[in-house]
Amino acid sequence: MSAELHVNTPLWHSLPISRLAGKPVYLKMEALQPVGSFKIRGIGLLCQKALAAGAKQFVSSSGGNAGVAAAYAGRELGIKTTVYVFAGVPETAKLRMQEFGAEVVMAGPSWAEAHAMASELAEKQGAFYVHPFDHPDLWAGHSTLVDEVVASGYRPNLVIASVGGGGLLTGILDGLDRHSLRTTKVIAVETYGTDSLHQSLQAGQQITLPRINSVAKTLGAARVCDAVFERAVRHKVESLVVTDEQALKACRQFALDHRVLVEPAAGAALSVAYEQLGSVPQASDVLVVVCGGVGIALRDDIFAYAPRLPD
Ligand SMILES: *Cc1c(COP(=O)(O)O)cnc(C)c1O
């Protein structure tokens with residue numbers, strides 16, 4: 001198989017966050033992937049395997065970053081790619097997909113319609129469906145993030161990451177398992193209005209949110225994948241929910257501290273690092289997965305749907 005489509009991202013020691021937390025906090029800088037998020041790890045591997053198995057066309061359904069990653073993979077692998085998007089997907093994300101040569105089609109009000117249309121195209125035209133979060137090859141790709149951290153010599157005993165449909169968290173938990181880091185505590189973060197994992201864990205069974213209501217669009221999966229629910233229960237993942245305001249505030253502070261713009265999806269995990277690490281005394285070596293995201297802009301008059309950083 002050809003070389004990986006993702007890059008080995010930097011592991012930054014965050015002095016500002018470490019100072020606040022009173023302990024070393026490291027950042028896995030997935031915002032610095034060529035597509036702006038970790039998504040290319042899983043989607044890159046998924047698409048490479050699909051191509052090796054004979055795929056002639058890719059089709060994806062996406063709130064933004066999965067579509068950008070699919071478009072990038074399609075371009076790199078020379079495969080025609082179609083992405084079904086839905087209302088509220090940031091203009092900046094759609095532009096990135098088109099820039100990478102993908103066809104972008106508006107599917108309807110929510111991810112459910114995009115998913116249905118993408119699945120139908122896959123069935124009718126024999127295109128390969130690049131699911132945004134639910135496939136074993138995708139999780140295997142995401143898990144390389146943990147391989148890189150461990151290879152650098154850092155063995156965190158606390159990992160903080162945000163959760164949408166749960167592909168990222170599934171990969172992280174599999175990666176921790178592979179490196180015998182089963183006692184490493186994991187905090188999974190969602191925003192109110194996207195908290196499908198949190199509500200599922202509270203209910204002791206998977207629930208489906210009636211609607212998505214948060215500025216963190218890329219965390220907006222009404223129902224998480226089975227794999228993440230099972231693993232989260234087994235690993236005793238701690239699930240936290242933050243407000244949109246907390247996520248946006250963390251995005252702004254992070255831009256000031258580290259000069260990188262990230263989506264509220266990443267701000268959710270960062271807000272726990274900024275605000276709540278003091279209350280996790282047993283965590284001595286912290287890793288925050290800065291998942292990134294292209295759906296962010298300095299000014300909302302440039303990209304009409306991108307969340308704007310608060311003043
Ligand atoms: C997709 C995405 C998430 C959530 O990942 P899941 O695998 O759906 O849980 C978080 N942050 C960003 C920036 C994303 O693109």
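Both ligands and their constituent atoms are indexed starting at 1 by order of listing. Count residues from 1 along the sequence.
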>> At less than 4.0 angstrom from any atom of ligand 1, which residues have a non-hydrogen atom? List them by chain and residue number.
In response: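 Protein residues near ligand 1 are F38, K39, N65, F133, V163, G164, G165, G166, G167, L168, T218, L219, A265, C291, G292, G293.
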Could you tell me which residues satisfy side chain to side chain contact (heavy atoms under 4.5 Å, CB included) with [X], sequence neighbours excluded, listed by chain and number?
X	value
R75	F100
K28	N8, T9, L11, E30, R41, L145, E148, V149, L287
S200	Q206, I207, F229

Has [X] got a side-chain atom pairing as donor or acceptor with [Y]'s backbone, closer than 3.5 angstrom?
X	Y	answer
H135	D137	yes
Q33	I40	no
S18	S14	yes

